[in-house]
Amino acid sequence: MGYDPANPMQDRITDIGPPHYEQFFPNVIKENYGKWLYHEITQPGVLKHVSESGAECHTVRVGCARLISVSLIRDYCDIADKHCDGIMRWTTRNNVEFMVDSAAKVQPLLDDLAAHGQMPVGGTGAGITNIVHTQGWVHCHTPATDASGVVKAVMDDLFEHFTSMQMPAQVRVALACCLNMCGAVHCSDIAILGVHRKPPMVDHDAIGGLCELPLAIAACPLGAVKPKKATLENGEEIKSVTVNEDRCMFCGNCYTMCPAMPLADDEGDGIAILVGGKISNSRTAPKFSKMVIPFLPNTPPRWTETVAAVRNIIDVYAKDARKYERVGEWAERIGWEKFFEKCNIPFTDKSIDDYRLAYNTWRCTTQFKYTSHIK
Amino acid sequence: MPKHDTPMMDQLESGPWPSFVKDLKIQAEKNDQCWDILGQMELSYKDKITHWKHGGIVGVFGYGGGVIGRYSDSPKQFPGVAHFHTVRLNQPSSKFYSTDLLRKICDMWEKRGSGMTNMHGSTGDLVLLGTTTDQLEPIFWDATHELGMDLGGSGGNLRTPSCCLGKARCEWSCYDTQAACHDMTMTYQDEVHRPAFPYKFKIKFSGCPNDCVAAIARSDMSVIGNWKDDIRIDQAAVQEYIKGNYPPNGGSYSGRDWGKFSIQKEVIKLCPTECMWMEGDELKIDNSECTRCMHCINVMPRALRPGVQTGATICMGAKAPILDGAQIGTMIVPFIEMTPAEGGEVSGGFQELVEYIEKAWDWWMEEGKNRERIGESMQRIGLPTFLKVMEVDVIPQHVKEPRSNPYVFWKSEEVPGGFERDVRAFRKKHAQ
């Protein structure tokens, strides 16, 4: 049995799709599907959902690094087998959830999680939950920074807020290791974004074999990539491209289309911090994150500048914002000039949009606040 | 594969957050290519650039996606990761698993790959991280035969749909997100596995406007639960909140002393439409003014619930910044019924949604440029055209405000007499 390379089509099964979700429901979920009345967070990381039938589902939420081994998954399975009838789930933000059907079963579960040492409980309510993130240097070909390492460093620093609920509202932190944003960080309270700052080099020796030149040229949204002949060391003249460096916005789309145009650079690459985005429609409409720190260097293994920048914004927000106010709602209420002043973040021209739709962000009123920025 | 000297990686073993380095080292005892993952990552930490080569097209026979080719740029130094492809397995709706299935996945992956995973990828797939080309067909065989699982999407196709946990464990879900996600995934298996689109297309299903799967930011088509009728009020429970017997926001704020709960300050004054007030002991809501933002329901979950006439709102065109800038989904269809298939069938339901999906795809496959997300096509060609394509009535809800420039693209048939005119006749009235 098994795959037979001599007969690859024999007994082949395709397009079966994912397994049906219902078979993986704990009994309390199956029996109370669509009947839930309300929920309560009984302590950080522990949720109680109550059904109209009176049944209760107690969920313990555990932080997970996302980049995990099958050994750790088996450890999770051991816990789920012992406490949860062999069922567990992952959340959208890469947390693990263990569910039990009575309050009495919660503490023994918490005890076993604590004993493991790599299963912190938290990530609920007005706290800071897991950072959704991308691959970074562990698996991606276009990153401008690492992902797992930066997340580890930031979460180590913010850990007290993962296990508590002392923020004015939930704070969603996200990391994407380049502008492609597999992690779609553009609507996060705090976004950590890998950015390039040097234009692509053109590898004339390789471009002929690796790239379709019209695609490389068309890849540039600003028309900065143009056809140009180049001469190789052996004197051969080839068709290639040139980059108008003044026009480059370092998006990296050319490299995605043409591997002979690499941007990666140890000094050019680093991290930008964007803040004030949100997804939820609660009170205010979903918002984009706004760039407040255009560049911080890549400083592995602990990315101290990035960790400090995130911590600073969190601390000022926690002190200054009103209950229920998300970071973006707070910044809009006090005004972005006040945000920069209170957070002691220097405001530079890099935070003024000059791409498409830029005008929508320019201030067209006499209403502003006098802050230290006005000399 | 031998161990490498990895002082910077080792540093990340410390600290309270779970350490992926510790985990990699445990797995390396069984899959020694994990030593090379650590070694190559250490080199990236030193050089501050990635050491993965650009791209590489690999896959399984008959599919155009689901496997991402990956090759090391330093294969001699790190032979264990010379070929290190990613396999995306389509996750079950909202990511509940039995340990039985998980253990089978673990055994298969320890045998056929690195033993490292992402639980989960950003789009929702269960990601198996790192294997060689010769293992791809055996993995696909094992997945379909032994695990009952299939590959997810990659490239210019329907990416693996994902959903919030909906009615499984949430009191606010306005439709069955898991059934919808599973149904659409099954209905469009061909679109998931065989790329035929200009670029990626993501669909995400959220049960209410809190949007826990970030559909409105991350999916070309977001299907967000909504309701038409009145918020349900339990006046007795409102009093319990006022008296301080129930914790606001389900206890989300219990870690800090925010003072006594004030329904005026925390609910009524924060309502964006100012449609709530107290009349004696009764909380009143003018539901015709309500925009269903969820704030009041979030704060008093035991007192307030979404209405019973429920369905979904469709927003379209969200995407990350590459290339024209980030977009949040634009509201296209204010309300549709979300009716699952009859008789417990796992596909063939949600017909209203299916119609909108297919109208959008037909147009985008015709008009979209190579690597243009549908949100960019919408921007380039214009919302009025897109609304015609989707065959929805144009309503003021489609805009934040009316346009402020006068440059209307009038059509010939909209103007009496049309655009065909006789310039000589015109000159008889108006000499040059």
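Keep in mind the model is a prediction, meaning the values are calculated, not measured. Below, each value reflects all heavy atoms present in this structure, side chains not excepted, and no hydrogens, waters or symmetry copies. Note on naming: letters A, B, ... go to the chains in the order of the sequence lines (proteins, then strands), and numbering restarts at 1 for each one.
- Between A/Thr91 atom OG1 and B/Lys95 atom NZ the span is 7.5 Å, to the nearest 0.5 Å.
- Within the 4.5 angstrom heavy-atom criterion, only backbone atoms of A/Met167 (N, CA, C, O) approach chain B.
- Put simply, the side chain of B/Tyr63 gets close to the backbone of A/Asp15: a donor and an acceptor are under 3.5 Å apart.
- With respect to the salt-bridge test (charged N to carboxylate O, under 4.0 angstrom), the residues B/Asp211 and A/Lys278 do not qualify.
- A donor and an acceptor atom, one from each side chain of B/Gln178 and A/Tyr33, are located under 3.5 Å apart.
- Each of A/Met165, A/Glu22, A/Lys48 has some count of heavy-atom pairs under 4.5 Å with chain B, and the biggest count is that of A/Met165.
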Verdict with reasoning, B/Lys48 to A/Glu267, per salt bridge (charged side-chain N to carboxylate O under 4.0 Å, His left out):
CA-CA 8 Å; B/Lys48 300 183 187 177; A/Glu267 291 175 327; over 6 Å; no

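- For B/His145 (side chain) and A/Gly2 (main-chain N/O), no donor-acceptor pair under 3.5 Å exists by modelled atom type.
- Listed for the B/Gln27 side chain is a donor-acceptor partner under 3.5 Å among the backbone atoms of A/Ser71.
- We find the OG-CD distance between B/Ser254 and A/Gln43 to be 9.5 Å, quoted to the nearest 0.5 Å.
- Between the OG atom of A/Ser69 and the CG atom of B/Asn31 there is a distance of 9.0 Å, given to the nearest 0.5 Å.
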Verdict with supporting geometry, B/Gln379 and A/Leu357, side chain to side chain contact (heavy atoms under 4.5 Å, CB included)
CA-CA 11 Å; B/Gln379 279 242 30; A/Leu357 312 175; 4.2 Å; yes

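- No side-chain N or O of B/Ser94 forms a donor-acceptor pair with one of A/Arg89 less than 3.5 Å apart.
- For a residue to count as touching a neighbouring chain, one of its non-hydrogen atoms must lie under 4.5 Å from one of that chain's; by this rule A/His20 touches chain B with backbone and side chain alike.
- Taking A/Thr145, A/Thr299, A/Asp78 one by one and counting their heavy-atom pairs under 4.5 Å with chain B, the maximum is reached by A/Asp78.
- Proximity of a side-chain donor or acceptor of B/His120 to a complementary backbone N or O of A/Thr92 within less than 3.5 Å is not detected.
- Contact between B/Thr144 and A/Ile13 at its shortest, heavy atoms only, is CG2-O, 3.5 Å.
- Interface residue A/Pro26: only side-chain heavy atoms are found under 4.5 Å from chain B.
- Classification of A/Asp266 and B/Lys46 as a salt-bridged pair fails, no side-chain N sitting under 4.0 Å from a carboxylate O.
- In this structure, A/Lys152 is not positioned above the aromatic face of B/Phe20 in the sense of NZ or CZ being under 6.0 Å from the six-membered ring centre and within 45° of the axis.
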Set out, in order, the CA-CA distance, both residues' side-chain angles and the distance that settles salt bridge (charged side-chain N to carboxylate O under 4.0 Å, His left out) for B/Glu171 and A/Lys35, then state yes or no.
CA-CA 7 Å; B/Glu171 63 268 35; A/Lys35 295 182 191 162; over 6 Å; no

Decide yes or no on side chain to side chain donor-acceptor pair (under 3.5 Å) for A/Asp146 and B/Tyr45, but give the supporting numbers first.
CA-CA 8 Å; A/Asp146 188 30; B/Tyr45 274 40; 2.4 Å; yes

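- No other option in A/Lys287, A/Gln23, A/His133, A/Glu97 has as many heavy-atom pairs under 4.5 Å with chain B as A/Glu97.
- Using a 4.5 Å cut-off between heavy atoms, A/Asp11 touches chain B through backbone and side chain atoms alike.
- Ring-centre distance between A/Phe162 and B/Trp17: below the 6.0 Å cut-off.
- Remark: side-chain polar atoms of B/Tyr253 are not paired, donor with acceptor, to backbone N or O of A/Lys323 under 3.5 angstrom.
- Across all non-hydrogen atoms, the minimal contact from B/Phe61 to A/Arg12 is O-NH2, 3.1 Å.
- The CG atom of B/Leu102 lies 9.0 Å from the CD1 atom of A/Ile87; values are rounded to the nearest 0.5 Å.
- Atoms CZ and CG, from B/Arg302 and A/Leu37 in turn, are 9.0 Å apart once rounded to the nearest 0.5 Å.
- The two atoms that bring A/Val70 and B/Trp109 nearest to each other are CG1-CD1, 4.0 Å, heavy atoms only.
- Considering CD1 of A/Ile16 and CG of B/Asp150, their distance stands at 5.0 Å, rounded to 0.5 Å.
- Nearest heavy-atom pair across B/Met119 and A/Ile73 is CG-CD1, 4.1 Å.
- B/Arg256 places a side-chain N or O within 3.5 Å of a backbone atom of A/Gln166 that can act as its donor or acceptor partner.
- The minimum heavy-atom distance between B/Leu12 and A/Gly149, with the atom names listed, is CD1-CA, 3.8 Å.
- Of all heavy-atom pairs spanning A/Tyr324 and B/Asn249, the tightest one is CE2-OD1, 3.5 Å.
- Using cut-offs of 30° and 60° on the angle between ring planes, the pair A/His139 and B/Trp52 is tilted.
- Here B/Tyr246 and A/Tyr38 keep their ring centres 6.0 angstrom or further from each other.
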Full working for salt bridge (charged side-chain N to carboxylate O under 4.0 Å, His left out) between B/Glu266 and A/Arg322:
CA-CA 10 Å; B/Glu266 299 185 34; A/Arg322 294 174 183 166; over 6 Å; no

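- The greatest number of non-hydrogen atom pairs below 4.5 Å with chain B, out of A/Cys182, A/Cys187, A/Cys140, is found for A/Cys140.
- The closest side-chain donor-acceptor pair between B/Arg371 and A/Asn253 falls under 3.5 angstrom.
- For the options B/Ile297, B/Leu165, B/Thr291, B/Ile224, heavy-atom pairs under 4.5 Å to chain A are most numerous at B/Leu165.
- Contact annotation for A/Arg356: only side-chain heavy atoms (C-beta onward) come within less than 4.5 Å of a heavy atom of chain B.
- The most heavy-atom pairs under 4.5 Å with chain B, out of A/Ala285, A/Gly125, A/Pro8, come from A/Gly125.
- In this structure, a donor-acceptor pair under 3.5 Å is present between the side chains of B/Ser14 and A/Arg302.
- Options A/Asp4, A/Val185, A/Leu67 differ in how many heavy-atom pairs under 4.5 Å they form with chain B, and the most are formed by A/Leu67.
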